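Values below: every heavy atom of this structure, side chains too, minus hydrogens, waters and symmetry copies. What you are looking at is a predicted structure, and each value in this text was computed from that prediction instead of being measured.
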Amino acid sequence: HDAHGVHLGCLGKPSRFYAAEYPDLWNDLPNCSMAVENVSSHDLVVVPEILPCAPVGEVGAPNIWLLGDLNMGPDDCPRLSHNYWLARHAHIRKDAILFPYVTPSIVKHAVEKAGLLPDGSFKHFPDLARQKEPIVLVDNDAVPIFGSVSQQLKNANINVIVVAGYSRNQLLQLQLK
């Protein structure tokens with residue numbers, strides 16, 4: 001249980017990546033494994049998009065976590081998105097968008113290297129904006145959808161970089177350009 005009385009349950013083993021990002025949470029994760037038959041109707045269940053909309057334990061309609069345009073319904077299961085584009089494409093409300101990639105280390109990097117302030121703005125924004133290069137980063141799994149826009153950007157002398165094969169540190173450096 002966390003400070004709010006929420007009990008974290010896992011129907012699989014979480015990635016070790018989260019140990020460094022969320023050390024307090026990680027301490028609870030090894031103990032979070034639970035059997036599907038122990039899921040009650042009051043639990044919030046999130047399943048990946050590769051699973052169909054089907055009951056999980058006593059939960060009749062689990063949330064489906066969309067990472068792409070697969071399994072968007074319509075059916076009885078609510079959807080969660082990880083970005084605005086997918087949410088709009090799948091007709092998902094803005095309050096059902098989660099940003100798991102904005103981890104504590106990403107925020108720390110933005111504070112230290114780009115001057116991110118607590119309100120989400122940047123100190124010395126005009127200076128920061130002048131330093132930026134005309135670059136658009138595209139996730140490698142979005143390339144098929146992004147094709148025509150990519151050509152328009154290239155025609156406007158904007159460098160399109162497909163993000164594939166970069167280390168975490170290299171990606172952080174790309175985000176500063």
Side-chain angles (χ1 to χ4, degrees), residues 8 10-30 32-33 46-51 62-72 79-177:
L8 176 64
C10 305
L11 298 174
K13 182 147 180 66
S15 169
R16 203 101 189 109
F17 164 81
Y18 297 104
E21 288 293 330
Y22 304 98
D24 295 338
L25 179 63
W26 183 257
N27 292 334
D28 293 335
L29 288 180
C32 76
S33 185
V46 179
V47 298
E49 68 183 345
I50 59 172
L51 296 178
N63 289 269
I64 296 180
W65 176 253
L66 296 179
L67 294 175
D69 60 358
L70 301 175
N71 195 5
M72 292 197 297
R79 299 311 196 266
L80 299 172
S81 177
H82 71 293
N83 63 42
Y84 288 111
W85 180 88
L86 185 58
R88 189 174 64 246
H89 188 62
H91 308 290
I92 296 172
R93 298 181 329 266
K94 285 184 179 179
D95 64 349
I97 303 172
L98 307 176
F99 299 100
Y101 312 115
V102 184
T103 61
S105 66
I106 297 286
V107 173
K108 180 180 178 191
H109 178 74
V111 168
E112 293 173 355
K113 303 293 183 184
L116 178 67
L117 298 172
D119 68 356
S121 65
F122 291 89
K123 62 179 154 185
H124 312 299
F125 182 75
D127 294 333
L128 180 66
R130 273 192 292 279
Q131 296 172 33
K132 299 300 276 180
E133 297 176 26
I135 294 175
V136 173
L137 302 178
V138 179
D139 195 354
N140 64 331
D141 64 359
V143 171
I145 303 166
F146 199 74
S148 63
V149 174
S150 179
Q151 189 56 52
Q152 291 172 359
L153 290 169
K154 287 177 184 176
N155 292 345
N157 294 320
I158 296 173
N159 187 14
V160 175
I161 298 174
V162 176
V163 179
Y166 289 90
S167 70
R168 185 172 179 82
N169 190 48
Q170 288 171 325
L171 182 58
L172 290 172
Q173 295 310 311
L174 271 176
Q175 292 171 344
L176 287 174
K177 290 185 172 194

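Considering every non-hydrogen atom in both L137 and Q175, the closest pair reads CD1-CG, 4.0 Å. Residues I97 and Y84 come closest through the heavy atom pair CD1-CD2, 3.4 Å. Between H82 and F99, the shortest heavy-atom distance links the atoms O-CD2, 3.9 Å. Across L176 and A114, no two heavy atoms sit closer than the pair CD2-CB, 4.2 Å. When all heavy atoms of G165 and Q170 are compared, the closest pair comes out as O-OE1, 4.1 Å. For the pair A87 and S81, the tightest heavy-atom approach, listed with the atom from each and the gap, is N-OG, 3.4 Å.
Here the NZ atom belonging to K154 is positioned 4.0 Å from the OG atom belonging to S150, to the nearest 0.5 angstrom. Rounding to the nearest 0.5 Å gives a distance of 4.5 Å between OG1 of T103 and CZ of R168. Here the CG-CD1 distance, from L171 to I161, works out to 10.0 Å after rounding to the nearest 0.5 Å. Rounded to the nearest 0.5 angstrom, N71 CG and L66 CG are separated by 7.0 Å. Note that CG of D69 is 8.0 Å distant from CD of E49, once rounded to the nearest 0.5 Å. Atom CD1 of I135 is separated from atom CG of L153 by 12.0 Å, given to the nearest 0.5 angstrom.
Under the 4.5 Å side-chain criterion, counting only non-hydrogen atoms from C-beta, L51 is not in contact with I64.
Evaluation of the side chain to side chain donor-acceptor pair (under 3.5 Å) test over residues 112-133, restricted to residues two or more places apart or in two chains, returns D119-S121, D127-R130.
Under a 3.5 Å cut-off, the side chain of N63 and the backbone N or O of L80 do not form any donor-acceptor pair.
Within 6.0 Å of atom CZ in F125, 12 or fewer heavy atoms from other residues, nucleotides or ligands are found, so the atom counts as exposed in its surroundings.
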